[in-house]
Amino acid sequence: MTTDYYFMEENVTFWQLGLNALLGFGPGVIFTPYVGAGLGIARTSVSADLGDFGEFSASDTDTGINLIGGARFGVGPIRPFVQAQVTVLGDVDLVTIAGGLLFKFGP
């Protein structure tokens with residue numbers, strides 16, 4: 001499961017929640033490529049102060065499909081990874097490039 005928060009303009013918020021299944025392939029010794037797919041849910045909210053006319057706010061929630069490709073590196077307890085994700089959400093298409101560290105706990 002992933003959660004992404006995008007930093008937008010002052011009165012705009014956008015976040016995405018993803019539930020994905022990943023499949024690793026290859027020998028997986030030092031370099032393990034993977035692909036995956038899943039469900040994405042995104043929410044956009046906008047608010048504005050209109051002075052004497054009050055405040056305005058609106059929000060929209062979309063669901064879509066995630067497609068993922070990436071690679072995990074290393075064999076120890078800390079494994080770096082990089083991945084690209086394409087999400088198709090109604091009228092919006094997102095492309096996300098991410099990297100991070102995976103921590104292995106236990107045997």
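Every value quoted in this text rests on a predicted model; they were computed, and no experiment measured them.
- With hydrogens and angles left out, the side-chain atoms of Tyr5 and Gln16 include no donor and acceptor closer than 3.5 Å.
- Residue Phe53 qualifies as open at atom CZ: its count of foreign heavy atoms under 6.0 Å is 12 or below.
- Annotation: side chain of Val82 is in contact with side chain of Phe73 (closest heavy-atom distance under 4.5 Å).
- Environment of CD1 in Ile30: sparse, with no more than 12 heavy atoms of neighbouring residues, nucleotides or ligands closer than 6.0 Å.
- Residues Phe31 and Ala71 share a closest heavy-atom pair of CE1-CB, 3.3 Å.
- Using modelled atom types, one finds a donor on one side chain and an acceptor on the other under 3.5 Å when comparing Tyr6 with Thr96.
- Interatomic distance, CD of Gln83 versus CD1 of Ile68, reported as 5.0 Å (0.5 Å rounding).
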Candidate pair Phe103 and Ile78, rule side chain to side chain contact (heavy atoms under 4.5 Å, CB included), full reasoning: CA-CA 5 Å; Phe103 296 93; Ile78 299 175; 3.8 Å; yes
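- The CG atom of Leu17 sits 5.0 Å away from atom OG1 of Thr3, with the distance rounded to the nearest 0.5 Å.
- Taking all atoms of both residues into account, the shortest heavy-atom contact from Phe81 to Leu101 is CE2-N, 3.7 Å.
- No more than 12 heavy atoms of other residues, nucleotides or ligands sit less than 6.0 Å from atom CZ of Phe7.
- In this structure, CZ on Phe14 lies 11.5 Å from CZ on Arg43, to the nearest 0.5 angstrom.
- Note that the CG atom of Leu19 and the OG1 atom of Thr2 stand 8.5 Å from one another [nearest 0.5 Å].
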Go through Thr32 and Phe25 one step at a time and tell me if the side chain to side chain contact (heavy atoms under 4.5 Å, CB included) criterion holds. CA-CA 6 Å; Thr32 306; Phe25 54 91; over 6 Å; no
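- Between Thr87 and the options Asp93, Leu94, Asp62, Leu67, a side-chain contact (heavy atoms from CB on, under 4.5 Å) holds for only Leu94.
- In the hydrophobic clustering of this structure, Leu22 does not group with Leu39; members are Ile, Leu, Val, Met, Phe, Trp, Tyr whose side-chain heavy atoms approach within less than 4.5 Å, directly or through other members.
- Residue-environment remark: CG (Leu50) exceeds the threshold of 12 foreign heavy atoms within 6.0 Å.
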Using side chain to side chain contact (heavy atoms under 4.5 Å, CB included), reason through Val95 and Gln85 one step at a time and then give a plain yes or no. CA-CA 6 Å; Val95 176; Gln85 176 175 313; over 6 Å; no
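- Between the side chains of Ser57 and Glu55, no donor N or O sits under 3.5 Å from an acceptor N or O.
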